Trainee: 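Okay, here's the structure, questions in a sec.
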There are 2 protein chains.
Amino acid sequence: MQTPEPTLADVAARAGVSVATASRALTGARPVSDTLHRKVRDASRELGYRRNAVASALRLQRTETVGLVLPRYTTGFLSALIESVSDGLERNDLSLVLRYSEPDALHDVGNVESLMARRVDGIIICPSSLEASQESIEAAGPVPIVQVGRFVITDRSDSVGLDEDRATAMLIAHLVEREARRLLVVGLDPDAPADARRIRALRGAAEGAAAVDVAPFTPAVLDGGIRAAERLVAAGPGALPDAIICANDDVAAGVLAVLRMRGITVPGRVQVVSLLDLAPGREDLTVTTLRHPWPEMGREAVRLLLDAQQRRREPVGERIARRVSLAPQLVPGHSTREHPGPAPAPAAAAAAPAVIPDPKETP
Amino acid sequence: MQTPEPTLADVAARAGVSVATASRALTGARPVSDTLHRKVRDASRELGYRRNAVASALRLQRTETVGLVLPRYTTGFLSALIESVSDGLERNDLSLVLRYSEPDALHDVGNVESLMARRVDGIIICPSSLEASQESIEAAGPVPIVQVGRFVITDRSDSVGLDEDRATAMLIAHLVEREARRLLVVGLDPDAPADARRIRALRGAAEGAAAVDVAPFTPAVLDGGIRAAERLVAAGPGALPDAIICANDDVAAGVLAVLRMRGITVPGRVQVVSLLDLAPGREDLTVTTLRHPWPEMGREAVRLLLDAQQRRREPVGERIARRVSLAPQLVPGHSTREHPGPAPAPAAAAAAPAVIPDPKETP
DNA sequence: CAAATTCTGGCAAACGATTACAGCACCTTG
DNA sequence: CAAGGTGCTGTAATCGTTTGCCAGAATTTG
């Protein structure tokens, strides 16, 4: 059955009409008499005709396709974003073409260029870095592009990002409610602008209620967490903070493993939290973490993109970039105390009481 | 700068040649004199010309595009597959268009149909179910399609899957080496064919060395693990097995949470393993798990697909479906004992000895 | 009944790149 | 110098759809 794919001309011939009529009958671009309409539909079905999206795109100058560019090094925590973007696009009969960038600004630009060559109708990009952001947006030229994620510049294109202030505030509140006064940050690099900003935000949120120290920088991976924790433990019991704030779940896992090995109880002696949930889909309750609202971010990105396409006809000059900030969700795990208030007696820690103490209001 | 995208005709005009020559100079389809070659390249650069992939695809009857169809309900553990497929395709200058299927056979077929309308050059599909598998392969007609994942039928198309026998054997060996004799399976449904097969495989691997019981079925999610574990604990200490085999990491997380709450030590009293790693990228060392080789599976899928494209010219009749089976990797976590052999004295469990006992050879 | 209007369907020209074919210039060789 | 190559370049057809324009039919209106 190596039959060549049937074309509109075949359908028209079978229905005894011209290709023009066949096209109009199938697309409904113009009213067609009822009998012909039926004849064409039947012929189309009988031949198993599928409209050639390529030819259509060429003629219409519209591919019904949106490009999504993501940084590759992410260990999969962006898949929720992919799914929600894909979902939003599908609802609007748009296809998704996906591209990963190596962590390197040029590659980001190259991906945008290549999508442009495919004549996508729009682009959603999670830039690998700030420089990448700038250049890739320019590469998109006239087609709408929206940025989503961490490195976004707000004056060139619409963007969706995290509400970092709310994020840090939530985390600090959670810890302060649980009597943590000495906090230690692990896995953030004070010399990196984005990390520095986050550290400032943490200090700001802790103002007066807790002290925020920063551990000597170790990379934000499992092993970095292990190294930082071992250095900490080696410094003696006095050096232990009340809580450790880790850059992400991997770092937290490393820290937890070391503490466990050294017999330091969590969350009894030290509490541990993570700033970034690496595997949003997974519910393992291990570490208290900030879950980024990836599904919502994807939805918003698609919404902004479609909206931007709507207004392409409008006067160009007055277009103003829109920025959407979303708050993360704090997912409590076993690495912070179950209820606000002072630490329960060590023995009772395993089987926590069912009585819930009044939470301290600390806005 | 709302300039319309330059076309090949513009480039030709600027270089003072015909479009034919311009095309040949840029694609290198046929030799072009050196001076013209340079002139065309320069003109192309000056105008910022980007070849229109749509027009090219129409003419060449080849879109340089591959479709990837995935089941949506997966909580992100397929992202490693996406990345490796994307990587493999990029090396061959192919684009990836991604589609998610709702867990519903028709949707799978619809996605393949829609990819066909886009005239993709090939399809990689992770079918949602066995029925989906059958129909969607037929929908692909003459374009090469390869299946990857769990539900594959082997006689219609090339496929990449897990080596289930090796998988279960590795897991059982790991447990038996660690003195587990009474094993309990949680989260598998004996009435579902695929699960039943897996249970049989476990029993077969345990033959003589351990007994495999199956807990009353609870869904393979966090809450299912919690419910199963509570029922187990309620049955009294005598009912506890030596090891619990969970359907996936979420189930294991639920089981661990309950055991921890009830003061049952892991891995001291009970060991816990998972059959399916839900978040391959993440390294949290919590539960001993089988990690599916998603990156390798993606690579293999791409390889099979490209290879199938190569041989499309060959006689059709003799094409024979190929099946690639890959073994998973056993990732040890804190939920099974660190070293093979009998359980260490409870006090020594925290700081395990650096001496490694001879592993028991149990092939 | 004629004229004006509406409706339907077909012809043919796009969309932008590739390529079979033909043509022209130049070089080699008898 | 002529015949036959060889090597570039240009003309035009082609891929499959959509759609502006036109012609004829059908319907309404004066």
Side-chain angles (χ1 to χ4, degrees), chain A residues 3-41 43-44 47-65 93 114 116-121 143, chain B residues 3-41 43-44 47-65 93 95 114 116-121 142-143:
Chain A
T3 25
E5 202 73 14
T7 85
L8 192 54
D10 298 330
V11 174
R14 189 169 232 269
V17 299
S18 72
V19 285
T21 308
S23 171
R24 292 198 266 252
L26 291 179
T27 64
R30 248 176 46 181
V32 169
S33 81
D34 219 33
T35 60
L36 281 197
H37 185 46
R38 201 184 324 278
K39 261 206 271 191
V40 172
R41 287 191 72 81
S44 158
L47 291 173
Y49 169 72
R50 286 187 277 235
R51 175 169 33 165
N52 185 327
V54 176
S56 181
L58 177 59
R59 176 62 227 239
L60 295 176
Q61 301 287 74
R62 190 163 19 93
T63 53
E64 317 267 86
T65 290
D93 291 311
S114 145
M116 293 300 294
R118 287 213 122 75
R119 299 300 192 267
V120 296
D121 299 333
V143 334
Chain B
T3 24
E5 201 73 13
T7 90
L8 190 54
D10 298 331
V11 175
R14 188 171 233 268
V17 299
S18 73
V19 285
T21 307
S23 171
R24 291 196 267 252
L26 292 179
T27 65
R30 257 179 36 185
V32 168
S33 79
D34 218 35
T35 59
L36 282 198
H37 186 45
R38 201 185 324 278
K39 259 205 273 191
V40 173
R41 288 191 71 81
S44 159
L47 291 173
Y49 170 72
R50 286 188 276 234
R51 174 160 60 129
N52 185 328
V54 176
S56 180
L58 178 59
R59 176 63 226 243
L60 295 176
Q61 303 287 72
R62 192 163 19 92
T63 52
E64 316 268 274
T65 289
D93 291 312
S95 282
S114 144
M116 292 300 294
R118 286 214 124 74
R119 298 299 191 269
V120 295
D121 299 334
V143 335

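Computed from heavy atoms alone, side chains included, the values below leave out hydrogens, waters and symmetry copies. If you're wondering where the values come from, they're calculated on a predicted model, not measured in any experiment. Chain naming here is simple, since letters A, B, ... match the order of the sequence lines and numbering starts at 1 in each.
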Trainee: When all nucleic acid strands are considered with a 4.0 Å heavy-atom cut-off, which category describes A/Leu58: base, sugar-phosphate, or nothing?
Mentor: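 The residue A/Leu58 makes base contact.
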Trainee: For A/Arg30, report the nucleic acid contact type (base, sugar-phosphate, nothing); a contact means any heavy atom under 4.0 Å.
Mentor: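 Base, at least one base atom sits under 4.0 Å.
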Trainee: Does a donor on one side chain sit under 3.5 Å from an acceptor on the other, for B/Arg118 and A/Thr65?
Mentor: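 Yes, side-chain donor-acceptor contact under 3.5 Å.
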Trainee: On DNA chain D, nearest-nucleotide positions of B/Ala22 versus B/Arg119: which is more 5'?
Mentor: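 It is B/Ala22 whose nearest nucleotide is closer to the 5' end.
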Trainee: If you go through the side-chain atoms of A/Arg24, does one of them form a donor-acceptor pair with the base of C/dG10 closer than 3.5 Å?
Mentor: yes
Trainee: Which of the following nucleotides, C/dT18, D/dT18, D/dT9, is nearest to the side chain of B/Arg51?
Mentor: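 Nearest nucleotide to the side chain: C/dT18.
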Trainee: Rounded to whole Å, please give me the gap between CD in B/Gln61 and C1' in D/dG16.
Mentor: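 Rounded to the whole Å, the gap is 8 Å.
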Trainee: Taking side chain as C-beta onward, heavy atoms only, is B/Gln61 less than 4.5 Å from B/Arg119?
Mentor: no
Trainee: Which is true for B/Val17 with a 4.0 Å heavy-atom rule: it touches a base, it touches only sugar-phosphate, or it touches nothing?
Mentor: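 Sugar-phosphate, no base atom in range.
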Trainee: Base, sugar-phosphate, or nothing: which does A/Ser56 touch, judged by heavy atoms less than 4.0 Å apart?
Mentor: sugar-phosphate
Trainee: Over how many whole Å does the gap from A/Leu26 atom CG to C/dG9 atom P extend?
Mentor: 14 Å
Trainee: Tell me: CZ of B/Arg59 to C1' of D/dA12, nearest whole Å?
Mentor: 11 Å
Trainee: Taking the minimum atom-to-atom distance to the side chain of A/Asn52, which one of C/dA17, D/dG10, D/dT17 wins?
Mentor: D/dT17
Trainee: On DNA chain C, check which nucleotide each of A/Ala20 and A/Pro31 is closest to and give me the residue with the more 5' one.
Mentor: A/Pro31
Trainee: Determine the contact category for A/Val54: base if any of its heavy atoms lies under 4.0 Å from a base atom, sugar-phosphate if only primed atoms, P, OP1 or OP2 are that close, otherwise nothing.
Mentor: nothing
